[in-house]
Structures are given as C-alpha cells and as structure tokens.
2 protein chains.
Amino acid sequence: MYRILIVDDEEKIRALIKKYTDFEGYESKIATNGMNALEILKIETFDIIIMDIMMPELDGFSTVKEIKKIIDIPIIMLSARGEEYDKIHGFELGIDDYVVKPFAPKELMMRIEAVMNRYNKYKKEKREIWQKDTLLIDVTARTVTINEKKIQMSPKEYDLLFYFLKNKNIALTREQLITEVWGYDYIGDDRTLDTHVKLLRKSLENYSDLIVTLRGVGYRFEG
Amino acid sequence: MYRILIVDDEEKIRALIKKYTDFEGYESKIATNGMNALEILKIETFDIIIMDIMMPELDGFSTVKEIKKIIDIPIIMLSARGEEYDKIHGFELGIDDYVVKPFAPKELMMRIEAVMNRYNKYKKEKREIWQKDTLLIDVTARTVTINEKKIQMSPKEYDLLFYFLKNKNIALTREQLITEVWGYDYIGDDRTLDTHVKLLRKSLENYSDLIVTLRGVGYRFEG
DNA sequence: ATAAATATTCACCAATTCATCACATTTTGA
DNA sequence: TCAAAATGTGATGAATTGGTGAATATTTAT
C-alpha cells in the first residue's frame, strides 16, 4: 500500500486517478496545484507523486524542482502529447516516468507499480539518512554527525533517537516511548526516560530542542 | 472481532454469510434491503458492510452512495457475474472490494480480513489535523498554530481543546466535560471548568468564540 | 578478572500547572 | 426593573512534573 499525492488542477483527472488508486488499495491525497502540493508535503509523507505538467500558480516542472530540494520521492508526470518532450526526456529533474494524456488508468496503475518496484530496490541499497542543517543522522550506519564531526552516543541514545526520528512530528507518550524503546515489559523508575532524554539532548548539542517536552504527555521530535 | 452489517434480500445468502461470519467470531447483524440498512446505521455502528448489488427498494449502488455521505466505512459488494461490471470497476462509489456470486465463503472471509487490515492501517497512519482559516490544530503532533505561529498551551488546555474538537458542533454539558476531560471520579469546584475555558479561549486568540457558552448547559465547539 | 562504558535509580530543585477563592459581569425570569 | 443564578476573571498557594547531578548497578570490552 503506497501513499500517493495526486497533483492536478483538473477536477476530472484528479477524480479519475483517485478512483483507480483507491481501488488498487493505495491511499491518496489530492493537491490542486504546485503550491498546494508543497504545503501538503511539509506536513505529510508520501511514497509517490503523480503530477500534471500544465498547472496554474506553479507549473509541474517548477514544482518538481522545489520538491526535489526537500525530499527524494518518485514522481510520475502527466503530459499532453508532445508537451515539452525534451524536458521530460532531458531528465534534469529526476522524473521517474511520464504518461501521455489521454491515458488508460490501468496503464498509470502499472507504471506506479513499476516505478515503485524500481525505487524500492534502489532504496534498499540506499542509506536511510535524515538531515537538518549540519545535523546528519544516518540510521543505516547508525551514526550521527554535527558539522562533519562524528557524535559518539550510547546504544540507548541511538535507539531513542531513531524511534523519535521514525515518529517525527508525532506526540509520543512516556508509556509509548518506554514500551517501544525499552520493551513492552519494562518496569522502571519514572526518571529513566528523562535521564536518557537528557543525555540525548546533550549529545545533540545545538539541536537539543528538536526534542520538545510535552508536559503531562511525553515528548515530540520536530523534523 | 469486527461488527459486520450484512445487507442482502435473499434469505439463503444472508444465512450463509451469517453462519460463516459467526464462525469466524465476528458479530453480525442483518439488513434485508438498502432502506433497512440505512435505518440500522443511524442507530448502531459497524466496522464493515457486506452488501448485495441487486436489491429491491434501494439497490446496492444507491445505498452505498447514501452511506458514504454519512460515514466512512469499508464496504464489500456482492455481485452476480458480469453485473454492472463497469460500475464496480469505475469506483465512483468508494467500494473497497467485491466478490462475485457464487462465492466460496472462505474467500469472502479472507477479503474481509484484507479490507479491514488495509483500512486499519490507513486509519492509523492518518494525521488528525483540523484547520479553520489560520488556526491549525494538529492532534497527532499535539500542536496548535495560529498564523504559522505556534501556540503554547498547558496540558489541560490541549486535552480540553482536543475533546471539544472530537465533539465539535455538539452541545457538551459541564458534567460531560468534567468527567471526560478530568476523569469520571473528579469532584471539584464549580469554577474549575470556567477557568480552563477562559484560559483556552485566551490561547485561541481571535478564535476564542469557537467555544460557545450554552447557559445552563455547558459549551459547544463550533467547527 | 578488571576496568570502562552504559543504564538505572535516587534525591532534590525549578518551573509549570491547576484548583480554588473572592469578586465582577452577564443573563434570566419573575 | 431587579434579584438570583450562572458564568467570567485575576490572583494565589499547593501540587505536580520534568530536569539534573551524583550514586549505584549492570553490561561490555579488554
């Protein structure tokens, strides 16, 4: 099940794609233009984007350019026959595939599958990395660097950090953190979690306030 | 254990499905036609609906259309071979799956499981966000922003606000609010609730009058 | 086996939060 | 219109909560 962001200004096309992606069991969300898409991408995550080239406000090409600055995500473009053929084939943008309108929905579905298969294979070989300014967290290598400088952490700190990262921008209760990071059967002092958060924050130096305390609840990692 | 609503006009089919769903440990209820189903849905809640397409009074497609206006619930359709094949595949309706008659009960059970798994995952991954103009309430992240500016609140304010939001446009009595937000056993001063509503309103700035006082009753959050 | 690293517990502190109170204001209905 | 009832408000002290450093226990590495 993939999460799909559909970006098109034409209601008819949007509805058509949504119908079919819903049927295939994908979860999809709609953006009505490039700007809108960028806003949505700031909050939610998706596995693939299907985007029209011709759009008001911010056209498909420009939107792709902006998106690729922020995240690495496969994109399938919808183009009218002959529309900027060169640009699509030029690949300056990192488009993964394109479909010429009018298209058979079935064909689009097949292309989604194909692109995702390709991308997943590529991802497996790729490292899971998250970056914010000079802070770089490499989950695959289990390393954290700030300003090119490797930060040494204890196992629990890594576990905690990676769990935070996996659930960024989500309010996590103390219980949830304890059961997920320590194990469902852990029974411990109230201050254990605090203490590890303290250590993790210390390790994160200037980035310590990425971990926000939610009084009476737990913590939230802001990404 | 899921609660299933079976909608079919044929006694034989109803009995067959019920037998199997009972066997699987699901709780099921029967509706004999579309109208009947809508009436039942007004009173009781279910996790999934299994519905025949061909029915007197109100056919399957029309019934689905009505249901989807009211609630978001997964639906599996039963169709005779070749019956309105296009419509099912067109998916204007948001059907989650379909089974062609005659079917093996085992297959239907498997499809129920599959649909429910998909639906639960979708529900879990969804962020709970509510927006009105520049006010954005992210229940998942436990944040409130007005005009892009993060609003800092106390735990009780968040709890109260989220409870209001979950029950927006519903008159909530003081007792209800106290027992739900403070706990069923809370015994406190008359002014406690007022005071927190006051603080919450203050935090909501221009949006303070989303919380409407219902004299002699309690409050209502208008969304 | 021993030292070092890590994890947990503990005691205490500072900050926040909350319930309560006294009083102000508003609404209702006689 | 006026008094009673209901709700709003600001202040305050007590209670809760999370942060912190140090002590202690446990695990890991040498």
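The chains referred to below are lettered A, B, ... by the order of the sequence lines, with proteins before strands, and numbering in each begins at 1. Every heavy atom of this structure was used, including side-chain atoms; hydrogens, water molecules and symmetry mates were not.
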Check: Between A:Tyr158 and C:dA7, does any side-chain N or O lie under 4.0 Å from OP1 or OP2?
Finding: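 Answer no for this pair, as no side-chain N or O of A:Tyr158 is under 4.0 Å from OP1 or OP2.
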
Check: Given D:dT9, C:dT6, C:dT17, which nucleotide is nearest the side-chain atoms of A:Pro155?
Finding: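 Nearest listed nucleotide: C:dT6.
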
Take the protein atom [atom1] of [X] and the nucleotide atom [atom2] of [N], then report the distance between them rounded to whole Å.
{"X": "B:Leu200", "N": "D:dT7", "atom1": "CG", "atom2": "P", "result": "17 Å"}
{"X": "A:Asp159", "N": "C:dT8", "atom1": "CG", "atom2": "P", "result": "11 Å"}
{"X": "B:Leu177", "N": "D:dT7", "atom1": "CG", "atom2": "C1'", "result": "14 Å"}
{"X": "B:Met153", "N": "C:dC18", "atom1": "CE", "atom2": "P", "result": "12 Å"}
{"X": "B:Lys198", "N": "D:dT12", "atom1": "NZ", "atom2": "P", "result": "13 Å"}
{"X": "B:Asp194", "N": "C:dC18", "atom1": "CG", "atom2": "P", "result": "16 Å"}
{"X": "A:Lys202", "N": "D:dA22", "atom1": "NZ", "atom2": "C1'", "result": "12 Å"}
{"X": "A:Leu160", "N": "C:dT6", "atom1": "CG", "atom2": "P", "result": "15 Å"}

Residue list, side chain to side chain contact (heavy atoms under 4.5 Å, CB included) with [X], at least two apart or on another chain:
{"X": "B:Thr134", "answer": "B:Ile146, B:Asn147, B:Tyr207"}
{"X": "A:Glu157", "answer": "A:Met153, A:Ser154, A:Leu199, A:Leu200, A:Ser203"}
{"X": "A:Tyr186", "answer": "A:Ile178, A:Trp182, A:Thr192"}
{"X": "B:Lys149", "answer": "B:Ile151, B:Glu205"}

Checklist line | For B:Glu66, all residues meeting side chain to side chain donor-acceptor pair (under 3.5 Å), sequence neighbours excluded | finding: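 Result, side chain to side chain donor-acceptor pair (under 3.5 Å) vs B:Glu66: B:Lys69.
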
Check: Parallel under 30°, tilted from 30 to 60°, perpendicular over 60°: which one fits the rings of A:Phe164 and A:Phe221?
Finding: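 Parallel.
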
All pairs passing salt bridge (Lys or Arg N to Asp or Glu O under 4.0 Å) where [range] contributes a residue, at least two apart:
{"range": "residues 131-141 of chain B", "answer": "B:Arg127-B:Asp138"}
{"range": "residues 164-174 of chain A", "answer": "A:Arg174-A:Asp194"}
{"range": "residues 34-50 of chain B", "answer": "B:Arg3-B:Glu44, B:Lys29-B:Glu44"}

Note to self: Holding to salt bridge (charged side-chain N to carboxylate O under 4.0 Å, His left out), I want the full list of residues that pass it with B:Asp22, two or more places apart in sequence or in another chain.
What the structure shows: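 In terms of salt bridge (charged side-chain N to carboxylate O under 4.0 Å, His left out), with neighbours along the sequence ignored, B:Asp22 is linked to B:Lys18.
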
Pull out every protein N or O sitting under 3.5 Å from an N or O of nucleotides 19-23 of chain C, one pair per line with the distance.
residue, atom, partner, partner atom, Å
C:dA19, OP1, B:Trp182, NE1, 2.7
C:dA19, OP2, B:Trp182, NE1, 3.4
C:dA19, OP2, B:His196, NE2, 2.5
C:dA19, O5', B:Tyr186, OH, 3.4
C:dT20, OP2, B:Asp189, N, 2.5
C:dT20, OP2, B:Thr192, OG1, 3.4
C:dC21, OP2, B:Asp189, OD1, 3.0

Check: Heavy atoms under 4.0 Å, any strand shown: does B:Leu214 hit a base, just sugar-phosphate, or nothing?
Finding: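 The answer is sugar-phosphate, as B:Leu214 gets under 4.0 Å only of primed atoms, P, OP1 or OP2.
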
Tabulate protein N/O versus nucleotide N/O from nucleotides 23-30 of chain D, keeping only pairs under 3.5 Å, one per line.
none

Item checked: Heavy-atom neighbours of A:Met1 CE exceed 12 at 6.0 Å ->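 Yes.
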
Note to self: Protein within reach of the bases, or only the backbone? For nucleotides 25-30 of chain C, mark each nucleotide 5' to 3' as B, S or -, using heavy atoms under 4.0 Å.
What the structure shows: -BBS--

